[in-house]
Peer 1: 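Below: one structure in structure tokens.
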Amino acid sequence: MPKLGDFLGDLLTEVTMARVQADLESVRIAELYANHPLLKHMPVPRFRLPMVKLDVPVLIRGEDLGDPDEKPKISPEEAAEKFIKILGTVLDDHDIQLLTEDRERVRRAAVLKVAEHQKLPPDVAGSITGTVTDLIKLAVRTIRKHLETLRKADETRSAAEDEHLLMTIRENLRRAAMTVFIAYVASPRRLEAEMTTSHVKEAGSENILARVTMEVTEDGMEWATVVDSDGELTERLVNE
């Protein structure tokens with residue numbers, strides 16, 4: 001059974017492809033203008049799609065809830081172990097060695113924090129960003145205390161440098177943790193729908209349950225050469 005979101009996405013793709021076709025035709029016309037003694041002094045026509053209005057009748061068949069047994073689940077203990085493994089990898093990259101008791105303290109706190117979050121939505125997937133954020137806060141507090149201890153023993157270390165290091169560690173933890181825990185995000189509910197002309201005609205206008213009215217406005221992206229965080233030149237899509 002087709003999904004309504006997939007159908008709407010295909011419609012948007014087709015609108016985008018219409019713009020692609022128009023731009024390709026503009027390029028072809030520009031070449032013709034360039035080789036014509038009179039046209040080359042005139043502006044090359046280019047058509048845009050500032051707004052496209054779509055009015056599509058659809059038949060809503062029902063809601064696809066998926067298989068509840070296939071929804072990803074993770075226990076607080078397993079989530080904490082995964083986070084501690086991530087933490088160890090990130091700290092190793094920065095040559096930071098936490099004491100065993102400090103790691104265990106973070107692990108126990110992580111178990112409690114994950115269990116607390118699981119009481120709100122059905123599982124970790126319900127608020128994955130909030131859960132990861134809180135786990136990182138637990139780790140950063142412990143790492144900050146560790147850095148403060150090192151700074152007292154080494155006068156060459158500065159608080160500003162340590163704070164910059166903490167910012168880097170926090171971002172690395174966030175990226176790594178989200179990559180791991182995103183696997184436990186449950187799939188969203190989907191609407192099953194019929195939108196082919198034959199099905200809509202068979203149902204008749206009186207039985208049509210919904211009409212999708214969309215106003216699609218045009219925006220543009222372009223390739224630009226920018227300097228990344230490592231000082232290297234890279235190609236990136238930016239707003240037109």
Peer 1: Can a donor-acceptor pair be found between the side chains of D134 and H117 at a distance below 3.5 Å?
Peer 2: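 Result is yes, a qualifying pair exists.
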Peer 1: Nearest 0.5 Å please: distance from the CG atom of L99 over to the CD atom of E104.
Peer 2: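 Here the interatomic distance stands at 13.0 Å.
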Peer 1: Can R28 and E25 be said to form a salt bridge (charged side-chain N to carboxylate O under 4.0 Å, His left out), step by step?
Peer 2: CA-CA 5 Å; R28 188 184 71 84; E25 189 64 15; 2.5 Å; yes
Peer 1: Return the CG to CD distance between D55 and E215, rounded to the nearest 0.5 Å.
Peer 2: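 Here the rounded value is 10.5 Å.
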Peer 1: So, do V212 and L11 sit near enough that their side-chain heavy atoms are less than 4.5 Å apart?
Peer 2: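 Not touching, per the 4.5 Å side-chain cut-off.
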Peer 1: Determine the minimum heavy-atom distance between E161 and S158, stating which atoms define it.
Peer 2: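 Nearest heavy atoms, E161 then S158: CG-OG, 2.9 Å.
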Peer 1: Do other residues, nucleotides or ligands put more than 12 heavy atoms under 6.0 Å from M214 CE?
Peer 2: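 Atom CE in M214 is packed in, count exceeds 12.
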Peer 1: Would you sort out whether L87 and I143 count as a side-chain contact (heavy atoms from CB on, under 4.5 Å), showing the intermediate values?
Peer 2: CA-CA 10 Å; L87 176 62; I143 298 170; 4.0 Å; yes
Peer 1: For I136 and L173, work out which heavy atoms get closest and say how close.
Peer 2: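 That closest heavy-atom pairing would be CD1-C, 3.9 Å.
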Peer 1: I'd like to know if F47 and V44 are part of one continuous hydrophobic network [Ile/Leu/Val/Met/Phe/Trp/Tyr, side-chain heavy atoms within less than 4.5 Å].
Peer 2: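 Cluster IDs for V44 and F47 differ.
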Peer 1: Quick check for you: to the nearest 0.5 Å, what is the distance between K82 atom NZ and I74 atom CD1?
Peer 2: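 Result: 5.5 Å between the selected atoms.
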Peer 1: Of all heavy-atom pairs between F7 and V58, which one has the smallest distance, and what is that distance?
Peer 2: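 Taking every non-hydrogen atom into account, CE2-CG1, 4.2 Å.
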Peer 1: Provide the closest heavy-atom pair for F181 versus A79 in the form atom of the first, atom of the second, distance.
Peer 2: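 The answer is CZ-O, 3.4 Å.
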Peer 1: Taking only residues two or more places apart in sequence or in another chain, which ones pass salt bridge (Lys or Arg N to Asp or Glu O under 4.0 Å) with R157?
Peer 2: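 R157 satisfies salt bridge (Lys or Arg N to Asp or Glu O under 4.0 Å) with D162 only.
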Peer 1: Quick one, R175 with E171, criterion salt bridge (charged side-chain N to carboxylate O under 4.0 Å, His left out). Give me CA distance, side-chain angles, the key distance, then yes/no.
Peer 2: CA-CA 6 Å; R175 292 179 180 177; E171 180 61 20; 3.0 Å; yes
Peer 1: Would you say E155 has more than 12 foreign heavy atoms packed within less than 6.0 Å of its CD?
Peer 2: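 12 or below, so no.
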Peer 1: Could you give all pairs that pass the side-chain hydrogen bond (donor to acceptor under 3.5 Å, both in side chains) test and reach residues 32-44, with sequence neighbours left out?
Peer 2: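 Sorted result for residues 32-44: empty, none.
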Peer 1: At what distance, to the nearest 0.5 angstrom, does CD of E116 lie from OG1 of T131?
Peer 2: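 Nearest 0.5 Å value for the CD-OG1 distance: 9.5 Å.
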Peer 1: What heavy-atom pair brings Q97 and D92 nearest, and what distance separates the two atoms?
Peer 2: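 Between these two residues, the closest heavy atoms are NE2-OD1, 3.3 Å.
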Peer 1: Hey, does L39 have a side-chain heavy atom less than 4.5 Å from the side chain of L32?
Peer 2: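 Not in contact.
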Peer 1: Just jot down the side chain to side chain contact (heavy atoms under 4.5 Å, CB included) partners of V20, sequence neighbours excluded, or say none.
Peer 2: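 Listed in chain order: M17, L24.
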Peer 1: Rounded at 0.5 Å granularity, tell me how far CZ in R107 sits from CG in L112.
Peer 2: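 Those atoms lie 9.5 Å apart.
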Peer 1: What's the separation between atom CD in E218 and atom CG in L49, rounded to the nearest 0.5 Å?
Peer 2: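 Rounded to the nearest 0.5 Å, the CD-CG separation comes to 5.5 Å.
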Peer 1: Do R46 and D23 have side chains that approach each other closer than 4.5 Å (heavy atoms only, starting at C-beta)?
Peer 2: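 Yes; the side chains approach each other to less than 4.5 Å.
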Peer 1: Side-chain contact test, heavy atoms from C-beta onward, threshold under 4.5 Å: evaluate it for V238 versus M221 and give yes or no.
Peer 2: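 No - every pair of side-chain heavy atoms lies 4.5 Å or more apart.
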Peer 1: Passes side-chain contact (heavy atoms from CB on, under 4.5 Å), K145 versus D102? Steps please.
Peer 2: CA-CA 10 Å; K145 291 180 180 179; D102 288 336; over 6 Å; no
Peer 1: Identify the two heavy atoms, one from V111 and one from P76, that lie closest to each other, and give their separation to 0.1 Å.
Peer 2: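 Answer, listing the atom of V111 first, then P76: O-CB, 3.5 Å.
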Peer 1: Quick check on the hydrophobic clustering: are M167 and I86 connected, directly or via other members, by side-chain heavy-atom contacts under 4.5 Å?
Peer 2: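 Different hydrophobic clusters.
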Peer 1: Using a strict 4.0 Å threshold on nitrogen-to-oxygen distance, state whether R144 and E163 make a salt bridge.
Peer 2: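 Salt bridge present between R144 and E163.
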Peer 1: Start with the C-alpha gap between T142 and L98, add the side-chain angles, then the distance that decides, and say whether side-chain contact (heavy atoms from CB on, under 4.5 Å) holds.
Peer 2: CA-CA 9 Å; T142 300; L98 287 182; 4.3 Å; yes
